[in-house]
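In what follows, a single structure is set out as structure tokens and then discussed.
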Amino acid sequence: MSTTASDPLAALGSLPGVPDAVDSVRKAVDRVYGHRVMRRRSNEVTAEAALRGSRGSAALAGADWSLEEVRRRTDFSGEDEARTVGAALRLTAEAGQLLSVWRQSPLRVLARLHLVAAGGATPDDAVGRPRLAGEAVDEPLIEAPLPSAGEVAGRLEGLSRLIITGGSAPALITAAVVHGELLALRPFGSHNGLVARTAERIVLIGSGLDPKSICPAEVGHAEQGRAAYVAALEGYTAGTPEGMAAWITHCGRSIELGVRESTAVCEALQRGAA
């Protein structure tokens, strides 16, 4: 993040296209929360959104399984793709349990998310802590230059202060910055994309924009495709106003696509087909 305003996240709200994206997301979320199915069967919508969000996040991490396969499988050990899907499912289940800790200690939450994602697959001394100088990062999707361990530590502290201090920024902006910063930094030796997308989910839930977690942005990120995801992230890492705006609007569109997915779930439940 390159802005130095007193409320840097809120300052991003004036970038071209961002106010429209914020407004569009808010209207989309309000519409799905107003669906008649949500009054009676919101728990079912939440569960389905969690499953579909997990599938989307895993797809971006290289395990592009069908929803039916994710639903059918019970064993997520073994091959790399299965472990990736299992990690995504565990992270989604964990997200809602960490809201109160997130507001007080985001770095503790990130450490916990990495521990959950790793699931014993990473050497113990590398789990749940930012990488040290010279340690490699396994994140094949993101090819942007890797910040040094010292820069990672400083920027994580800055991100933590922004979250703890709070501010007037809309949830979309905060979620997009948290997501983008974690992808740019890749603070852990593995599973950074999965952790970043889960952190985005936590912000959207905790902000009150999506308290029931029925608007899975991960679905939208996957639907827009890995190439678009990487291109939008390049805008974030460039740090220009245009690049930041492109990343925020990309995240906004992902939330809207997640809303569309959950709206379809609501319609199916209403018809008795789900």
Q. How far apart are the C-alpha atoms of V22 and R26, what are their side-chain angles, what is the distance that settles it, and do they pass the side chain to side chain contact (heavy atoms under 4.5 Å, CB included) test?
A. CA-CA 6 Å; V22 169; R26 177 74 266 176; 5.5 Å; no
Q.
Can you confirm whether E79 is buried at CD, in the sense that more than 12 heavy atoms of other residues, nucleotides or ligands lie under 6.0 Å from that atom?
A. yes
Q) Is the count of non-hydrogen atoms from other residues, nucleotides or ligands lying under 6.0 Å from R108 atom CZ greater than 12? A) no
Are [X] and [Y] joined in one hydrophobic group, where the rule is that I, L, V, M, F, W and Y side chains link up if heavy atoms are under 4.5 Å apart?
X	Y	answer
F76	L51	yes
V195	L146	no
L89	I205	no
V85	L141	no
M38	L209	yes

**Q.** Pair T92, S54: side-chain N/O donor-acceptor within cut-off below 3.5 Å
**A.** yes
Q. Among side-chain atoms of H114 and S190, is any donor-acceptor pair under 3.5 angstrom?
A.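 There is such a pair (donor and acceptor under 3.5 Å, judged by atom type) between the side chains of H114 and S190.
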Q.
side chain to side chain contact (heavy atoms under 4.5 Å, CB included), that's the test. Do L156 and L110 meet it? Break it down for me.
A. CA-CA 10 Å; L156 282 177; L110 294 176; 4.3 Å; yes
Least distance between heavy atoms, [X] atom then [Y] atom:
X	Y	result
W102	I202	CG-CG2, 3.7 Å
A175	L204	CB-CD2, 3.7 Å
T84	A58	CG2-O, 4.0 Å
Q104	P106	C-CD, 3.9 Å
R226	A61	NH2-C, 4.5 Å
V219	G53	CG2-N, 3.9 Å

First locate atom [atom1] of [X], then atom [atom2] of [Y], and finally report the distance between them rounded to the nearest 0.5 Å.
X	Y	atom1	atom2	value
L91	E218	CG	CD	10.0 Å
W247	I173	CH2	CD1	14.0 Å
T198	E94	OG1	CD	9.5 Å
N192	D138	CG	CG	9.0 Å
R197	L182	CZ	CG	11.0 Å
Y33	S42	OH	OG	8.5 Å

(Q) Let's go through R131 and E139 carefully: what are the C-alpha distance in whole Å and the side-chain angles of both, what is the deciding distance for salt bridge (charged side-chain N to carboxylate O under 4.0 Å, His left out) to 0.1 Å, and is it a yes or a no? (A) CA-CA 13 Å; R131 55 187 167 83; E139 199 67 48; over 6 Å; no
Q) R72 and E69: salt bridge (charged side-chain N to carboxylate O under 4.0 Å, His left out), yes or no, with the steps? A) CA-CA 5 Å; R72 181 188 67 82; E69 178 67 8; 2.8 Å; yes
Check this for me, if you would: do [X] and [Y] make a salt bridge, where the nitrogen-to-carboxylate-oxygen distance has to be below 4.0 angstrom?
X	Y	result
E81	R55	no
E44	R41	yes
R201	D210	no
D80	R83	yes

Looking at [X] and [Y], would you say the former's side chain and the latter's main chain have a donor-acceptor pair under 3.5 Å?
X	Y	result
R186	A184	yes
D23	P19	no
R73	G86	no

Q) Going through the checks in order, is the side chain to side chain contact (heavy atoms under 4.5 Å, CB included) test met by E48 and L67? A) CA-CA 10 Å; E48 191 64 22; L67 183 63; 4.0 Å; yes
Got [X] and [Y] here, is their nearest side-chain heavy-atom distance under 4.5 Å?
X	Y	result
L183	Y236	no
E200	V203	no
K212	V45	no
E157	V152	no

List the atom pairs, with distances to 0.1 Å, where a side-chain N or O of residues 252-263 and a protein N or O form a donor-acceptor pair under 3.5 Å, not counting sequence neighbours.
| unit_1 | atom_1 | unit_2 | atom_2 | d |
| --- | --- | --- | --- | --- |
| S254 | OG | H221 | N | 3.3 |
| S254 | OG | H221 | ND1 | 2.9 |
| S254 | OG | Q224 | NE2 | 2.8 |
| S254 | OG | H250 | O | 3.1 |
| E256 | OE1 | S24 | OG | 3.0 |
| E256 | OE2 | S24 | OG | 3.0 |
| R260 | NH2 | E223 | OE1 | 3.3 |
| R260 | NH2 | E223 | OE2 | 2.3 |
| E261 | OE2 | R52 | NH1 | 2.9 |
| S262 | OG | I214 | O | 2.4 |
| T263 | OG1 | V259 | O | 2.8 |

Q: In sequence, state the C-alpha distance, the side-chain angles, and the governing distance for L194 and H191, and then conclude on side chain to side chain contact (heavy atoms under 4.5 Å, CB included).
A: CA-CA 5 Å; L194 293 172; H191 303 97; 3.9 Å; yes
